[in-house]
> 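Below is one structure. I have some questions about it.
Predicted, not measured: the structure shown is a model, and the values here were computed from it. Just follow the structure's listing: the first ligand is 1, and inside any ligand the first atom is 1. Just so it is clear, the values below take in all heavy atoms, side chains as well, and ignore hydrogens, waters and symmetry mates.
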Amino acid sequence: MATINDNYLKLKAGYLFPEIARRVNAFAEANPGASIIRLGIGDVTEPLPSACRDAMITAVEEMGDRSSFKGYGPEQGYAWLREKIAAHDFQARGCEVSADEIFISDGSKCDCGNILDIFGNDNAIAVTDPVYPVYVDTNVMAGHTGDSNDRGEYDGLVYLPITAENNFTAQIPSEKVDLIYLCFPNNPTGATATKDHLKAWVDYANAHGSIIFFDAAYEAFITDPELPHSIYEIEGARSCAIEFRSFSKNAGFTGTRCAFTVVPKTLTAKAADGSEVELWKLWNRRQSTKFNGVSYIVQRGAEAVYSTEGQAQIKALVGFYMENARIIREKLTEAGLQVYGGTNAPYVWVKTPNGLTSWDFFDKLLHTCNVVGTPGAGFGAAGEGYFRISAFNSRENVEEAMKRITEKFKVA
Ligand SMILES: *Cc1c(COP(=O)(O)O)cnc(C)c1O
């Protein structure tokens with residue numbers, strides 16, 4: 001009989017969101033009249049910018065005409081899109097990233113997982129705690145970990161706690177790690193990293209020959225002009241960092257699918273024979289073999305993000321969610337809660353009051369206010385005692401949810 005990849009059996013059975021759904025459904029059944037507001041979801045709610053829609057409609061028409069029809073595109077993505085990304089997202093910020101170091105893809109989630117294809121199996125891997133679960137689960141699937149303990153921590157991973165006590169910045173590890181996942185602005189905590197903090201990581205990585213996976217999916221939500229948007233704003237990053245970017249959150253492409261990964265040509269890692277190999281070559285080989293590019297139509301939609309109208313429209317879109325975040329912060333503070341994040345990220349990270357666990361607080365908010373959020377413990381052991389509220393929602397829902405919380409949820 002065929003055998004399976006046994007590493008999949010080590011995965012915890014997608015506990016967080018099914019458990020949320022179970023509790024919400026049970027509550028809804030017992031209270032059929034309750035109008036439940038969901039502020040737990042990490043998905044956008046506003047429609048696509050018109051610049052992107054118009055560009056995609058034009059592209060569909062081109063595909064319907066023999067003279068402008070396109071078959072397979074370049075696996076790396078069309079040059080006209082990569083050139084705009086390089087100029088706008090990197091060179092305009094003083095980062096030395098060229099168009100041929102950019103790989104267009106159908107998502108950062110996919111890229112974060114796929115990137116492991118080009119790395120060895122004996123790397124020491126560090127993740128923050130709490131963390132975006134994709135980083136952990138893809139390493140489990142690849143056989144880079146042992147089993148998990150009752151705190152949900154996998155043997156073989158180095159967990160770097162990020163909590164209020166360390167201002168949500170992971171302490172540089174004392175041991176040597178080879179691969180480091182950093183996500184700033186952070187999901188789930190909404191925390192950001194200063195240039196000095198990233199510089200410390202870049203220096204560590206260059207000193208140890210480590211590679212940083214820098215997930216900048218939320219860079220568009222940065223409002224503080226002092227904060228870096230890209231790790232390549234940090235000197236030395238071209239020899240130690242891969243950056244993941246996505247159109248999902250800045251332009252509402254979660255259902256449209258377009259993202260990109262930057263692999264500098266100056267980046268190397270060691271082969272079994274001790275030689276240094278360019279990671280760009282391996283990633284290019286991997287993508288050319290296992291990926292056939294993003295649809296022409298969608299890449300035209302993504303290109304429109306860089307037009308004058310597109311830029312104005314995504315600014316308004318991000319501004320809309322950030323006003324939600326401001327309202328959430330203000331009202332939760334009014335209700336006596338301690339809040340973090342939400343000023344440079346679409347997530348507000350709430351300290352649960354009176355020593356409640358994340359799940360106790362979840363139940364309390366659901367039962368007293370009929371509002372759903374995400375228990376911090378679901379993102380890692382150090383997320384216990386915290387709770388994530390997402391700013392991705394309609395203004396009406398945000399205002400109503402916050403009204404209920406300020407009226408009914410007074411912290412003693
Ligand atoms: C939403 C999100 C992404 C984007 O993923 P896509 O596959 O591009 O939609 C990447 N990283 C984090 C942490 C996210 O929350």
> Please write down residue, atom name and distance for the protein heavy atom closest to atom 7 (O) of ligand 1.
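Closest protein heavy atom to atom 7 (O) of ligand 1: R257 NH2, 2.7 Å.
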
> Look at atom 5 (O) of ligand 1 and say which protein heavy atom is nearest, naming residue and atom and giving the distance to 0.1 Å.
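Nearest neighbour among protein heavy atoms for atom 5 (O) of ligand 1, to 0.1 Å: K109 N, 3.6 Å.
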
> Answer yes when D100 and K265 have at least one side-chain N-carboxylate O distance shorter than 4.0 Å, and no when they do not.
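Salt bridge present between D100 and K265.
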
> Does ligand 1 have an atom that lies less than 4.0 angstrom from a heavy atom of G42?
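No; G42 lies far enough from ligand 1 that no heavy-atom distance drops under 4.0 Å.
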
> Please work out whether the ring planes of F260 and F247 are parallel, tilted or perpendicular, with thresholds of 30° and 60°.
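Geometry flag for F247 against F260: tilted rings.
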
> Please work out which of the three classes, parallel, tilted or perpendicular, describes the rings of Y386 and W349, given edges at 30° and 60°.
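Ring orientation, 0 to 90° scale: parallel.
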
> Side chain, backbone, both or neither: which part of A217 comes within less than 4.0 Å of ligand 1 when only heavy atoms are counted?
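Looking at A217 and ligand 1, just side chain atoms fall under 4.0 Å.
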
> Is it true that Y218 lies under 4.0 Å from ligand 1, counting heavy atoms only?
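Yes, Y218 has heavy atoms under 4.0 Å from ligand 1.
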
> Looking at ligand 1, does T254 have a heavy atom less than 4.0 Å from it?
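The answer is no, since T254 has no heavy atom less than 4.0 Å from ligand 1.
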
> Identify, by atom number and element, the atoms of ligand 1 in contact range of C183, meaning under 4.0 Å from any of its heavy atoms.
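Every atom of ligand 1 under 4.0 Å from some heavy atom of C183: 13 (C).
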
> Return yes or no for this condition: an N or O of Y347 is under 3.5 Å from an N or O of ligand 1.
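No: no nitrogen or oxygen of Y347 is under 3.5 Å from one in ligand 1.
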
> Report, in ascending order of atom number, the atoms of ligand 1 lying under 4.0 Å from any heavy atom of S248.
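Result: 6 (P), 8 (O), 9 (O).
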
> Would you mind checking which non-hydrogen protein atom is closest to atom 11 (N) of ligand 1, with the distance to 0.1 Å?
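Going by distance alone, atom 11 (N) of ligand 1 is nearest to D215 OD2, 2.7 Å.
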
> Does CG belonging to D224 count more than 12 external heavy atoms closer than 6.0 Å?
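Yes, because the 6.0 Å sphere around CG of D224 holds more than 12 heavy atoms from other groups.
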
> Distance under 6.0 Å and angle within 45° of the ring axis: does R285 meet both against W280?
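No, cation not above the ring by the 6.0 Å, 45° rule.
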
> Below 4.0 angstrom, N of the basic side chain to O of the carboxylate: do E276 and K270 qualify?
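Not counted as a salt bridge, because no side-chain N and carboxylate O are separated by less than 4.0 Å.
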
> Between E101 and R238, is there a side-chain N and carboxylate O pair less than 4.0 Å apart?
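So E101 pairs with R238 through a salt bridge.
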
> Run through F213, F214, Y132 and flag the one making a ring pair (Phe, Tyr, Trp, His ring centres under 6.0 Å) with Y181.
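Exactly one pass, corresponding to F213.
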
> Atom 1 (C) of ligand 1: which protein heavy atom is closest, and how many Å away?
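Here the closest protein heavy atom is K249 NZ, 1.3 Å.
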
